[in-house]
Every structure is written in structure tokens, then in C-alpha cells.
Q: 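Sending over a structure as C-alpha cells; questions will come in a sec.
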Amino acid sequence: QVQVVESGGGLVQPGGSLGLTCAGSGFDFRRYRMSWYRQVPGAGRVLVARIDRTGTIGYGDSAEGRFTISRDNEKKTVFLQMNNLKPEDTGVYLCNAMGRLTNMSPVDDFWGQGTQVTVST
């Protein structure tokens, strides 16, 4: 069965750091683009960071050079290191896996349940 499970969220003070982990299973992890999104109640999901199967990385504007995404295909995990956190970083952080094995395959789009990150004094 497919699983996408986030962990590492919590309460931190502004300026603090937090590391998030997403573990994927039940699919060919190495071929999937892995992304982190942030969702705030009443708002849509905003891309935070993305890393594709080749290692190409992209960041959303909210990262502002403060976050680093990486992946470990052996362990089937993707990491998001968040530094210098700000209150506006608060939200539910969702891990997304997207990909397909061949051009003839349907695109998979898997989501985890999310992990809460709260940046507050």
C-alpha cells in the first residue's frame, strides 16, 4: 500500500530551526518528484520546496533561502531543513509524491496527512 508520512513538526520560536522528514513507501520512490507544501486554514496549498528524481531542486518564495530540501532514495525519505523560522511559516506541512514509471503510465499524486509547524513566541 502507498504511504506518505510526515514527521518532525512542532512548536518553535521565531529564528529557530526545524527539520521535517517525509517517508514514502509502496511506490518507486526514486522516480518520483517529492515536494513540501504548506497549508493554512482558509488558504490553498503553497509550494515550499521540491526535488525531482534527478536531484533538481526548486523553492517557493516562502523559502527565501532559509530552507533546504534533500532526498535519500535508499531510505525513501525526503527532508526539509527549515532555518530562521518566521511566524508566517506556520501551517500544516504536507509531503507530496508525484510521478509515473513510463510515459504510458498514469500520473500518481500521493499526499501525506501533514505535520503541524507553529512558529510563535
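For the numbers below, each heavy atom of this structure counts, side chains included, while hydrogens, waters and symmetry mates do not.
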Q: Atom CG of L11 and atom CD of Q116: how far apart are they, to the nearest 0.5 Å?
A: 9.5 Å
Q: I69 and V117: same hydrophobic cluster, using ILVMFWY side-chain contacts below 4.5 Å?
A: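 Yes; V117 is reachable from I69 via cluster members.
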Q: Any luck finding a side-chain donor-acceptor pair between T118 and S120 under 3.5 Å?
A: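 Distance-only check fails for T118 and S120.
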Q: Can you list the residues that meet the side-chain hydrogen bond (donor to acceptor under 3.5 Å, both in side chains) rule with S62, with sequence neighbours excluded?
A: R38
Q: List the atom pairs, with distances to 0.1 Å, where a side-chain N or O of residues 40-48 and a protein N or O form a donor-acceptor pair under 3.5 Å, not counting sequence neighbours.
A:
from : atom 1 : to  : atom 2 : distance (Å)
R45  : NE     : Q39 : OE1    : 3.4

Q: Mind listing the side-chain donor-acceptor pairs of residues 75-85 below 3.5 Å, one per line with the distance, residues two or more places apart or on another chain?
A:
from : atom 1 : to  : atom 2 : distance (Å)
Q81  : NE2    : N83 : OD1    : 3.1
N83  : OD1    : S17 : OG     : 2.9

Q: Work out which heavy atom in R33 is nearest to a heavy atom in R71; give both atom names and the distance.
A: CA-NH1, 4.4 Å
Q: Nearest 0.5 Å, please: how far is CG in L94 from OG in S35?
A: 11.0 Å
Q: For residues 35-75, which residue pairs pass the ring pair (Phe, Tyr, Trp, His ring centres under 6.0 Å) check, not counting sequence neighbours?
A: Y37-W111
Q: Checking E6 side chain against T115 main chain: does a donor-acceptor pair fall under 3.5 Å?
A: no
Q: How many angstroms lie between atom CE of M34 and atom OG of S70, to the nearest 0.5 angstrom?
A: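 Rounded to the nearest 0.5 Å, the CE-OG separation comes to 11.5 Å.
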Q: Considering only Ile, Leu, Val, Met, Phe, Trp and Tyr, and joining two whenever side-chain heavy atoms are under 4.5 Å apart, list the other residues clustered with M98.
A: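 Joined to M98, directly or through intermediates: V107.
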Q: May I ask whether I57 and L20 are part of the same hydrophobic cluster, defined by side-chain heavy atoms of I, L, V, M, F, W, Y residues being less than 4.5 angstrom apart, directly or through others?
A: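 Yes, same cluster.
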Q: Are R50 and T56 packed together at the side-chain level, in the sense that at least one heavy-atom pair is separated by less than 4.5 angstrom?
A: no
Q: Taking CZ in R100 as the centre, count heavy atoms belonging to other residues, nucleotides or ligands within less than 6.0 Å. Is the count above 12?
A: yes
Q: Quick one: closest heavy-atom pair of V4 and C22, and the distance?
A: CG1-SG, 3.5 Å
Q: Taking a hydrophobic cluster as the set of Ile, Leu, Val, Met, Phe, Trp and Tyr residues connected by side-chain heavy atoms closer than 4.5 Å, whether directly or through intermediates, do V12 and V92 fall within one such cluster?
A: no
Q: Which residues pass the ring pair (Phe, Tyr, Trp, His ring centres under 6.0 Å) test with F27, sequence neighbours left out?
A: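 In terms of ring pair (Phe, Tyr, Trp, His ring centres under 6.0 Å), with neighbours along the sequence ignored, F27 is linked to Y32, F110.
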